[in-house]
Amino acid sequence: MLGLVDCNNFYVSCERSFNPALEGKPVVVLSNNDGCVIARSSEAKALGIKMGLPYFQLKELLSQHEIKIFSSNYTLYGDMSARVMATLGQFSEEVETYSIDEAFINLEAWGNAHSDLLIMAQNLRATVGRWTRIPVSIGVAPTKTLCKVANYFSKRSPENDGVLILDTPARITEALSDFPVAELWGIGSRYAAVLRRNDIRTAAQLRDAPDEWINRNLTVNGLRTAYELRGLPCKMLETEAAPKKAICTSPSFGRLVPDLKTVSEALVTHLSRAAEKLRKQGSAAGTVTVFLHTNRFKISPNGQPARQYYNSLSAQLPHPTASTTELTGYAQALLKTVFRFGYAYQKVGVILSNLVPIDHRQAAIFTDGPDERLVRLSATIDRLNHRYGRDKVRLAAAGYDNTWHHKQQWMSPAYTTRWRDILTVK
DNA sequence: TCTGGGGTCCTAGGACCC
DNA sequence: TCTGGGGTCCTAGGACCC
């Protein structure tokens, strides 16, 4: 059996973990740039606040209710996630960190008896709650997709008390007959529409559909989902995090930016961030892509949609590199080519791809290899910045104007990762 | 009138996830 | 005024090979 442990309203729960005054109140966490709602407490959900609601539309509700608002604090959420995952390690040898707030775990050691599974799962919930103050829900089943279904019901039915175990054909069929197919893991809005047109409305109906039809309409991914619903595992537990194949950094500007100089400085800043991630996983990039675009929601003074511009450009590098300095040269050249004057830009982004392990780089025939001194320089800068703070040492090309930086008006302290933010007990 | 068969590799676009 | 960010995988079609 496998378990899916999912943190309830994770970002809100992180904020509450260090600020108990938020208990029982409607709390929302906003996306980057304080753009829209990405996490809601149950009280906020009860007020009808939808996922993805833009902040400026939320404002109308603020006058009627006392809603607590937070900017995304990923330093805090990432650290709390690591603490939750480490706690899971106490209960299972094999933990797959599936996302910041979810993990699949192997429950082989718990045995197969329903009562044992229930006791262990409740014990796990209680321990995570005690150690991190993060409430979790647990779905237990023979495949990952069925775990997702079990988890869905464990959250929604109070009588399940945060745990649901689907361990017999009868229990599985009962759950699947009640489960909207559009909510299945792997079924998005497009596939949901296809299924609806074919009168497939529950997970049980998809499970029982002919393989050939599923394969034709939902590709092999849909077929895997159907197999998993039948209890045949197709998605294995992956406890080793695979290195990323692409790394992208593209936060929006805090205001619209029209000029090349500012866009370029932002690009260099983003690239520095992406290259840090690149070196952290021990990779070098063979391709750099730069893209930029205007605000697609913007309306002109005359009431018409504003003129839009989106473009991207990639360069294959003569040799893969992990040097911020070297990558910056290419990125700036790409930007000069894609940039058009006369637009107000919302964001510029950079993607590093064709990643290879840093010690297995293919040398180029006709050009010199990467300058090892530049690679060592980047590594040294990483160490300095880790110790003294982000961007303490950086390229001058990143500029000194930070008026374009994204907004984060309601940021909570980094309670667990910054000395001066540690709570004081009076 | 009539024009083979069997492959690989790359890319763009579309689907999905949190 | 104001609408997020960062990923993965699959498929069809085009270009190429002998």
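Quick note on labels: first sequence line is chain A, next is B, and so on, each numbered from 1.
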Q: Please work out whether the ring planes of Tyr343(A) and Tyr345(A) are parallel, tilted or perpendicular, with thresholds of 30° and 60°.
A: tilted
Q: Would you mind classifying the nucleic acid contact of Ile187(A) as base, sugar-phosphate or nothing, using non-hydrogen atoms under 4.0 angstrom?
A: sugar-phosphate
(Q) If you define the side chain from C-beta out and look only at heavy atoms, does anything of Ile49(A) sit under 4.5 Å from Pro26(A)? (A) no
Q: Name the nucleic acid region contacted by Asp101(A), choosing base, sugar-phosphate or nothing; use a 4.0 angstrom heavy-atom cut-off, strictly under.
A: sugar-phosphate
Q: Please work out if Lys235(A) contacts a base, only the sugar-phosphate, or nothing of the nucleic acid, heavy-atom cut-off 4.0 Å.
A: nothing
**Q.** Donor-acceptor contact below 3.5 Å, side chain Ser323(A) vs main chain Glu326(A)
**A.** yes
Q. Which residue, Gln308(A), Arg307(A), Lys347(A), forms the side chain to side chain donor-acceptor pair (under 3.5 Å) with Thr294(A)?
A. Gln308(A)
Q: Enumerate the residues from residues 345-352 of chain A whose closest heavy atom to DNA chain B is under 4.0 Å, giving them by residue number; use none for an empty result.
A: none
Q. If each of Asn215(A) and Ala246(A) is mapped to the nucleotide of DNA chain C with the nearest heavy atom, which maps nearer the 5' terminus, i.e. the 5' end?
A. Ala246(A)
Q | Closest approach of Ile165(A) to Met1(A) (non-hydrogen atoms, all atoms of both residues) | A | CG2-CE, 4.5 Å
Q. Do you know which of Cys7(A), Ser17(A), Ser13(A) makes side-chain contact (heavy atoms from CB on, under 4.5 Å) with Met80(A)?
A. Ser17(A)
Q: For the pair Trp404(A) and Phe253(A), name the ring-plane relationship: parallel under 30°, tilted 30 to 60°, perpendicular over 60°.
A: perpendicular
Q.
Quick check against the 3.5 Å criterion: does Gln64(A) have a side-chain atom that pairs as donor or acceptor with the backbone of Leu61(A)?
A. no
Q. Of the residues in residues 38-71 of chain A, which ones touch DNA chain C at a heavy-atom distance under 4.0 Å?
A. Pro54(A), Phe56(A), Lys59(A)
Q) Contact boundaries of DNA chain C with chain A (under 4.0 Å, heavy atoms), 5' to 3'? A) dT1(C) to dT11(C)
Q) For residues 221-230 of chain A, which residues have at least one heavy atom under 4.0 Å from DNA chain C? A) Asn221(A), Arg224(A)
(Q) Can you list every stem that DNA chain B is part of, counting only runs of 3 or more consecutive Watson-Crick or G-U wobble pairs with both distances under 3.5 Å? (A) B:5-18 with C:5-18
Q: With heavy atoms under 4.0 Å as the rule, sort Ile247(A) into base, sugar-phosphate or nothing.
A: sugar-phosphate
Q.
Short of 4.0 Å, heavy atom to strand atom, which residues of residues 292-303 of chain A count as contacting DNA chain C?
A. Asn295(A), Phe297(A)
Q: Under 4.0 Å between any heavy atoms, over every strand shown, what does Ser189(A) touch: base, sugar-phosphate, or nothing? Just pick one.
A: sugar-phosphate
Q: Could you check Arg387(A), Lys392(A), Arg394(A), Arg279(A) and say which one makes a salt bridge (charged side-chain N to carboxylate O under 4.0 Å, His left out) with Asp382(A)?
A: Arg279(A)
